[in-house]
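Right, one structure below, let's go through it.
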Amino acid sequence: MNETRNIGDTLLKVDNISLSFGGVKAITGVSLEIREREICAIIGPNGAGKTSMLNVINGFYHPQEGTITFGGEVRKQMRPHLAAAGGIARTFQNVALFTGMSTLDNIMTGRNLKMKKNFLWQALNIGPARKEELEHREFVEHIIDFLEIEAIRKTPVGRLPYGLQKRVELGRALAAEPKLLLLDEPMAGMNVEEKEDMCRFILDTNDEFGTTIGLIEHDMGVVMDLSDHVVVLDHGEKIADGVPDVVRADQNVIDAYLGVAHD
Amino acid sequence: MSEDGNMLLSVKNIEVVYDHVILVLKGVSLEVPEGGIVALLGANGAGKSTTLKSISNLLRAERGDVTKGTIEYMGEQVDSLTPNALVSKGVIQVMEGRHCFEHLTVEENLLTGSYTRKDGRAAVQKDLDMVYSYFPRLVDRQASLAGYISGGEQQMVAIGRALMAKPKLILLDEPSMGLAPQLVEEIFEIVHRLNKDEGVSFLLAEQNTSVALRYASYGYILENGRIVMDGDADKLASNEDVKEFYLGVAGGERKSFRDVKHYRRRKRWLA
Amino acid sequence: LSSTAEAAAEQFFPMIIYRTGAYAVGGIPLANGYGDYLKLLNARDGGINGVKIKFEECETQYSTKVGVECYEKLKGKGDVGPTVFNPNSTGITYAIIPKASVDKVPVHSMGYGRTAAGDGRVFPWAFTFPTSYWSQAAAFINYIGEREGGKNNLKGKKIAFIYHNSGYGKEPLPTFNKLAKKYGYDFKALAVDHPGQEQKAAWLQVRRYKPDYVFLTGWGVMNQVAIKEAAAIRFPMDHFIGNWWSGAEPDVLPAGKTAIGYIAATFNQPGAGTQAHADIVKHVYGGDAAAAKKGQIGQVLYNRGIINAIYDTEAVRTAMGKYGNKAMSGEQVRWGLENLNLTEARLGELGVKGFMGPISVSCKDHEGGGKVMFQQWSGTEWKIVKGWTDTMQDVIRPMIEEAAAAYAKENKITPRAC
Amino acid sequence: MLYRESGQYKTSYTDDQAIFPLKQDRWLMAIALVIAFVVIPLTSSEYMLEAVIIPFLIFALAAIGLNLLAGYCGQISLGTGGFMAVGGYTAYKLTTSLPDMNMIIVFLLSGVAAAFVGIMFGIPSLRIKGFYLAVATLAAQFFLQWLFNKVEWFYNYNPSGTITAPPREMFGFVVTGPHATAEARYMITLVVVAVLALVAKNLTRGHIGRSWMAIRDMDIAAEIIGIRPLHAKLSAFAISSFYCGVAGSLFVFTWLGSVETEAFNINLSFQVLFMVIIGGLGSILGSFIGAAFITAVPILLTNAPQFFGFNLPIDLQKHFEVMIFGVLIIFFVIVEPHGLARLWQITKEKLRLWPFPY
Amino acid sequence: MFRQNGSFAKTMEVLNAIFVLPFVDMFTEPVFFAEVVVGGLLTGVMYSLVALGFVLIFKASGVFNFAQGAMVLFAALTLVGLMEKGVPVWLALIIAAGVMVIVAVVIEKLVLRPLVNQPDIILFMATIGITFFLEGFGETVWGSDIHRLDVGIPDATFEIGGMLLNEFDIWAAAIGAAMVAFLALFFRYTVIGRALRAVADDHQAALSVGIPLKTIWIVVWSVAGFVGLVAGIMWGTKSGVQFSLSLIALKALPVLILGGFTSIPGAIVGGLIIGVGEKVAEIYWGPLIGGAIENWFAYMLALAFLLFRPQGLFGEKIIERV
Ligand SMILES: Nc1ncnc2c1ncn2[C@@H]1O[C@H](COP(=O)(O)OP(=O)(O)OP(=O)(O)O)[C@@H](O)[C@H]1O
Ligand SMILES: Nc1ncnc2c1ncn2[C@@H]1O[C@H](COP(=O)(O)OP(=O)(O)OP(=O)(O)O)[C@@H](O)[C@H]1O
Ligand SMILES: [Mg+2]
Ligand SMILES: [Mg+2]
């Protein structure tokens with residue numbers, strides 16, 4: 001199905017990463033590659049180390065071993081905000097929105113990296129600062145339109161139902177115009193209709209902006225339908241890596257994770 | 001469900017307001033029969049969690065208030081009981097979003113669930129072993145602080161913790177959230193088993209409609225703070241609207257999520 | 001008609017006091033003494049020369065901010081404005097002296113506050129008489145000099161100074177430093193932070209320094225803790241001397257027997273033996289001695305309140321001598337304060353002979369060259385051990401004038417000629 | 001429906017981003033400004049100005065400062081008194097050594113000095129959080145108070161360590177020192193506070209404000225989406241301390257006139273914190289409401305019994321006052337944990353729905 | 001060249017004064033140094049007594065109880081007030097403890113219950129309200145005067161190896177140690193201990209598993225009130241019972257953060273470190289910069305520890321996860 005898709009070179013290369021916390025080994029010697037413009041799913045049973053892997057990629061956890069190559073740059077560890085500046089954005093498994101702020105402001109924080117006007121202009125709210133603010137506001141309004149959350153633009157996100165919060169979180173990540181977008185269970189706690197919406201947003205993002213996407217999800221329907229390639233982790237180790245159809249049929253994967261073969 | 005003598009829980013026409021101004025439930029009534037598994041379905045923000053919290057009386061902690069209606073458990077009005085009194089009476093809620101005690105270890109978390117029990121250490125230990133057998137993953141994590149374990153593991157802890165209270169009625173809020181597919185089935189198997197073997201009743205708010213309706217005996221559909229449909233689970237499962245909007249099957253075929261995109265998009269353009 | 005209105009006008013005494021908060025222990029008897037004396041004049045004499053006295057308390061909790069608010073509130077009251085402000089706190093004194101000179105109300109900080117205000121040329125509206133912290137420090141040196149058989153014997157002696165770490169506590173430092181040069185004693189200053197419940201570090205240092213004398217400038221709980229600590233390191237009590245805010249009953253009582261022998265400066269006699277005291281019991285408490293005792297009559301700070309009231313009311317009387325027997329305005333009272341001359345004879349008439357010293361204030365000298373006494377705690381009462389002690393005005397006065405001149409310069413004040 | 005927004009459409013993002021998007025709010029603000037600039041100076045008694053209104057303004061400014069830090073950036077600080085002292089003493093040193101410097105510049109430079117000190121003491125916030133940080137900021141409070149008490153240079157070596165605002169003029173009016181009228185001091189305070197409040201509002205609405213709030217709400221997520229904690233936290237400390245510093249200089253120059261270090265003690269820090277919490281964390285309006293509450297309530301309580309003709313002994317009255325004050329704090333915190341500003345907002349929401357309850 | 005030498009000498013002199021002389025001083029007068037250290041330890045225990053009350057409540061409910069100082073004052077005032085009315089010591093002690101239980105019940109009902117699940121800072125603010133109320137109430141009932149408190153703890157000075165010690169301080173240390181031991185055991189070996197920690201983590205979740213917040217809070221606040229009473233007795237004996245007693249809290253705060261908000265042994269170890277640290281600093285380094293550095297030094301010391309362990313020495317780890 002991806003003949004028509006324009007998948008490029010390797011964008012992110014995770015090489016032989018190991019991460020442990022005291023005695024707990026969260027990741028052991030995992031390598032994986034995500035290529036430009038593809039959708040890569042990471043799946044695996046609970047506690048397999050999926051979230052930890054995302055944390056390693058965007059610099060929140062520092063692996064004991066291994067290296068990461070992103071956009072041609074090799075690194076062992078870095079501060080999260082540097083990863084963000086390099087073009088990695090993400091959403092979180094436990095929604096991590098700024099609960100005291102409105103939807104609009106939350107998404108605007110995603111633009112923070114791109115806003116540079118110094119604070120004297122800010123303080124007076126004239127001239128360049130104002131202009132800049134409006135430009136970014138316009139961009140953010142596009143995202144709001146895109147995600148169909150116009151109605152909650154001014155609502156404090158703490159009051160939103162879970163599903164909408166996930167959508168706002170996606171908006172915040174998109175606002176940074178990332179090269180690589182990491183999504184941690186974006187569809188947990190949603191019903192089918194909402195999942196369909198979410199899938200649509202992910203696919204459109206991938207299509208229209210060419211954003212590379214790393215996706216963790218437990219809904220096999222979603223994973224199999226959306227992803228170009230699937231990495232399976234179990235107990236911190238990689239047990240399979242390939243196109244969905246191959247992975248789905250892998251006996252190891254069925255034993256460790258799926259329980260039954262999924263169609 | 002008809003007016004019936006052996007209802008374990010009946011919620012009558014409740015209205016809930018948050019923060020004095022935000023009206024969320026607009027007259028919700030539902031019933032859970034003794035030994036039943038009842039599913040509460042509905043879109044995001046419909047008010048499922050709010051309904052459960054008003055039953056378990058955890059609402060007040062979020063500055064919400066039941067302004068109208070009554071809630072009866074075993075024929076007795078329970079609106080004014082404290083949550084812990086309700087737990088002692090056998091009603092326990094597994095909250096959405098896990099709410100584990102971060103600074104307690106996994107085992108300590110589980111043990112907090114037995115706080116209201118008076119039947120001795122041995123019985124508690126037995127149930128602890130049972131929980132571990134349900135969730136072997138937790139055995140490895142026994143001594144980890146709950147704040148550090150993975151999302152799915154936390155979900156197991158939250159459910160296990162509720163089981164430790166030996167309840168008669170469990171209010172399960174999105175039990176399948178964040179769990180691997182295999183485990184989702186297992187959880188519902190556990191629900192089924194507890195229901196059959198020990199007569200525990202369940203009221204579950206669940207987004208995974210297909211599984212929920214498979215295990216439940218009765219279902220309510222909540223939209224925008226109102227019950228819009230209810231009926232036996234199998235009836236609901238065969239209802240066309242439910243199929244379309246909650247089960248994601250149209251005309252008997254599951255749509256691919258990739259195709260959904262185009263279909264949706266067209267719809268948007270038309271609108 | 002106007003004359004009856006004027007005759008009915010009352011003399012208004014604003015009282016900035018503190019009966020609550022960390023320093024209430026000292027504030028209560030002070031306020032009681034001052035108030036009781038005013039009540040006495042009303043009850044016994046019908047006021048001052050027939051002009052009724054009115055007073056109003058304003059509670060500060062010893063806070064400068066609240067004190068300023070009190071000042072603002074009270075300065076507009078009274079038929080002809082307030083008589084005189086007694087800020088009862090060094091901080092408040094500093095804050096209101098500048099304001100008072102604009103509002104034309106005198107400020108009397110009796111023996112405390114801005115020492116430089118002793119120079120009436122720069123501070124026409126502020127008075128510190130009968131004495132000041134600088135004079136007190138000088139008196140202390142005089143006193144111990146005498147005990148050592150002459151000030152020259154102070155050479156090589158060691159003096160430790162334990163002070164409340166605030167503007168108030170620091171006041172005597174310039175004097176001690178200056179006199180150290182002159183008399184060659186060794187001097188060590190040790191600060192204790194508010195409120196002063198914990199002074200172990202200071203006393204450990206005292207223990208090591210092994211001073212011959214310790215001088216204490218404390219307030220509130222700091223005093224009694226200091227006395228207990230001194231006892232705990234077995235420092236001889238009669239070589240431990242407090243200033244006049246560190247030598248009242250509440251300071252020594254909690255230390256019990258260990259406080260016996262402790263000495264403190266004062267400018268009033270202890271005890272309730274004067275005619276004025278008897279009159280207060282009779283006219284204010286209706287003869288109920290027990291009630292008067294509850295009102296702390298005869299205690300050191302109560303008596304100081306009385307003295308304060310005597311100064312102020314006598315200043316009003318002095319002013320009336322010039323302006324006639326009616327309610328005096330602030331400006332008139334200021335004149336009265338500046339021309340106050342309390343002779344032994346007058347003190348006798350007031351029924352307080354021997355209770356306080358005679359004094360005369362002048363345009364130039366707002367401190368009154370005040371002498372100081374020293375009293376000792378016997379375990380049950382205070383006894384004067386050293387009567388009026390000289391305060392080395394030859395050294396102190398130039399210091400005061402220098403400080404006043406600096407203030408004048410900074411605030412662009414042209415000193416008046418006296 | 002007195003207070004409604006329907007019918008007020010915004011046709012551009014500029015309109016939507018105005019400080020007061022609603023017409024009613026703009027009117028209220030205009031009325032408030034007229035009252036502040038015209039009615040109060042013409043009608044208030046000196047006592048009102050000196051004892052209530054000027055301190056209210058100064059505290060409001062300090063509260064805005066702390067609110068930027070605690071309410072917007074989530075870093076609770078108990079060093080406010082210390083930072084205000086930096087402002088007060090800097091202003092004193094500046095005007096006594098450079099008597100001709102314009103007072104507005106003096107005030108602003110005091111703020112700048114405080115900002116530098118604020119940054120110094122803000123550095124630990126990069127590692128320490130929550131109540132640990134709150135208590136740790138007391139180090140700033142105690143250290144600064146000690147410093148200004150100990151180092152004589154700060155108070156020009158005068159023997160008592162008290163600083164006194166010297167007389168200074170602006171536009172031909174005496175604005176500080178004993179001869180400055182209450183009106184003059186009120187006006188200069190008002191101008192400074194009004195302008196800085198506006199600036200604060202602008203800052204909080206822009207990307208700086210958003211980065212603070214992001215740090216407050218979830219610092220890890222904020223860092224992961226690219227907000228630098230170092231920048232956000234230290235800028236919050238700097239700007240917050242700037243406000244506190246200016247407030248401190250006004251505290252000395254347009255209000256008390258003469259203070260010793262004790263005036264900047266820990267109670268001051270707490271007082272400002274109360275204002276921020278009672279008024280509403282994360283609300284500029286709340287800072288004003290909180291400051292009004294904390295300055296006015298004790299004065300009202302002190303004067304109330306007399307007003308109603310009771311004559312309680314003054315100590316008893318004070319005790320009651322303290323008790324009632326405590327009860328009021330608890331009461332309002334329970335009624336609306338998000339502060340009086342939120343209460344006001346809810347009232348507005350109710351008005352909007354009125355006559356329907358929801 | 002000459003000038004440079006001069007400033008070099010000056011720098012050396014300063015460095016010498018800071019880094020060498022104080023230590024030389026300590027070595028040359030070891031007995032005095034020992035006395036300073038012992039004095040610091042004993043003072044530290046007194047701080048711990050106050051800090052302990054904070055820890056209890058924080059550990060059990062996540063509330064930073066600013067009113068602890070006021071509770072110390074209130075408890076001591078009640079005790080001394082009763083004793084002045086002629087009530088025998090033992091009875092007064094029992095009644096005062098009873099009063100603290102009543103205070104706990106009232107606080108739970110009127111303050112804590114309506115504020116379940118609110119942010120920490122809001123609860124903190126509410127406890128400040130309690131502080132005002134208790135201070136005002138205590139003084140209304142018992143007056144603002146200073147009260148002498150003597151419950152019969154001996155108070156004589158004695159000398160050991162050139163060191164001057166006070167019996168009272170020794171008693172205070174013993175009582176402090178006993179209380180810490182008792183409370184630490186209590187938390188470790190009772191069911192309630194675990195429940196308390198659960199409550200501190202998440203009020204709502206604790207409610208959901210059936211932990212009775214009401215009972216827990218009453219118990220904990222009562223115990224904290226009792227600890228406050230003990231602290232009040234010790235400090236009150238030392239400095240008389242009066243308003244400033246509530247300011248003791250400020251000396252307990254650095255102890256609290258250094259030891260960790262949630263650790264009972266932390267309160268005692270923190271107290272000892274702060275006690276010794278501030279005394280040694282004041283005596284050996286204080287004179288270099290004018291003295292009276294104890295107050296801020298205690299906070300700076302705590303701060304220095306926090307930079308290495310942001311949760312204090314024994315505090316619960318601060319969990320950071322996404
Ligand atoms: N900071 C940490 N400290 C200690 N252990 C950790 C930490 N972070 C993760 N772990 C452990 O590492 C393992 C992997 O966790 P991770 O969150 O990556 O799982 P996951 O694959 O995302 O699972 P889920 O599907 O349940 O979210 C878990 O067992 C967890 O307990
Ligand atoms: N504490 C609160 N304050 C204000 N509004 C709230 C609060 N909690 C929930 N709401 C609102 O109440 C409505 C119902 O929320 P609820 O959590 O009950 O929905 P839900 O059906 O459980 O949704 P989800 O599937 O997302 O969990 C939502 O619109 C939500 O915005
Ligand atoms: Mg995960
Ligand atoms: Mg829900």
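Just so you know, these numbers come straight off a predicted model, no measurement behind them. Reminder, nothing fancy here: chain letters follow the sequence lines and each chain counts from 1. We use all heavy atoms of the structure for the numbers below, so side chains are in, but hydrogens, waters and symmetry mates are not.
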Original post:
Is it the backbone or the side chain of B:E108 that comes under 4.5 Å from a heavy atom of chain E, or both, or neither?
Top reply: both
Subject >> Residue pair B:T50 / B:V28, side-chain heavy-atom distance below 4.5 Å >> reply: no
**OP:** Identify which of E:L207, E:V116, E:T262 forms the greatest number of heavy-atom pairs closer than 4.5 Å to chain B.
**Re:** E:L207
**OP:** Name the member of E:Q204, E:R113, E:Q118 that forms the most heavy-atom pairs with chain B at distances under 4.5 Å.
**Re:** E:Q204
Subject >> Interface moiety of B:T112 toward chain E, non-hydrogen atoms closer than 4.5 Å >> reply: both
Original post:
By a 4.5 Å heavy-atom criterion (distance strictly below it), what part of E:R197 contacts chain B: side chain, backbone, both, or neither?
Top reply: both
Subject >> Heavy-atom proximity to chain E below 4.5 Å, by part of B:Y115 >> reply: side chain
Original post:
Taking the six-membered ring for Trp, are E:F133 and E:F137 parallel (under 30°), tilted (30 to 60°) or perpendicular (over 60°)?
Top reply: parallel
Original post:
Of the backbone (N, CA, C, O) and the side chain (C-beta and beyond), which part of E:A200 lies under 4.5 Å from a heavy atom of chain B, both, or neither?
Top reply: neither
**OP:** Please confirm whether the backbone N or O of E:S61 pairs with a side-chain atom of E:H203, one donor and one acceptor, at under 3.5 Å?
**Re:** yes
**OP:** Test E:F261 against E:F54 for ring pair (Phe, Tyr, Trp, His ring centres under 6.0 Å), laying out the working first.
**Re:** CA-CA 8 Å; E:F261 270 114; E:F54 282 98; 8.2 Å; no
Subject >> Side chain / backbone / both / neither for B:I149 at chain E, heavy atoms under 4.5 Å >> reply: backbone
Subject >> Portion of B:L145 that has a non-hydrogen atom of chain E nearer than 4.5 angstrom >> reply: side chain
**OP:** Could you label the plane-to-plane angle of the B:H192 and B:Y215 rings as parallel, tilted or perpendicular, counting under 30° as parallel and over 60° as perpendicular?
**Re:** perpendicular
Subject >> When B:T116, B:N109, B:L104, B:V91 are compared by non-hydrogen pairs under 4.5 Å with chain E, the top option >> reply: B:L104
Original post:
Do you know which of B:V87, B:L86, B:N57 has the most heavy-atom pairs with chain E at a distance under 4.5 angstrom?
Top reply: B:V87
Original post:
So which of E:I319, E:N117, E:I192 has the largest heavy-atom pair count under 4.5 angstrom toward chain B?
Top reply: E:I319
Original post:
Does a donor on one side chain sit under 3.5 Å from an acceptor on the other, for B:Q77 and B:E72?
Top reply: no
**OP:** Kindly confirm or rule out a cation-pi arrangement of E:R309 over E:F314, judged by NZ or CZ under 6.0 Å from the six-membered ring centre and within 45° of its axis?
**Re:** no
Original post:
Where on B:R63 is there a heavy atom nearer than 4.5 Å to chain E: the side chain, the backbone, both, or neither?
Top reply: side chain
Original post:
So which part of B:S150 gets closer than 4.5 Å to some heavy atom of chain E, the side chain, the backbone, both or neither?
Top reply: backbone
Subject >> Member of E:L196, E:T215, E:V199 meeting the side chain to side chain contact (heavy atoms under 4.5 Å, CB included) criterion with E:V220 >> reply: E:L196
**OP:** Check the pair B:K53, B:L59 against side-chain contact (heavy atoms from CB on, under 4.5 Å), reporting the backbone distance first and the verdict last.
**Re:** CA-CA 5 Å; B:K53 277 184 282 196; B:L59 204 56; 4.0 Å; yes
**OP:** Under the side-chain contact (heavy atoms from CB on, under 4.5 Å) rule, what do B:L171 and B:V94 come out as? Steps first, then yes or no, please.
**Re:** CA-CA 6 Å; B:L171 311 171; B:V94 177; over 6 Å; no
Original post:
With only heavy atoms counted, which part of E:K214 is less than 4.5 Å from chain B, the side chain, the backbone, both or neither?
Top reply: neither
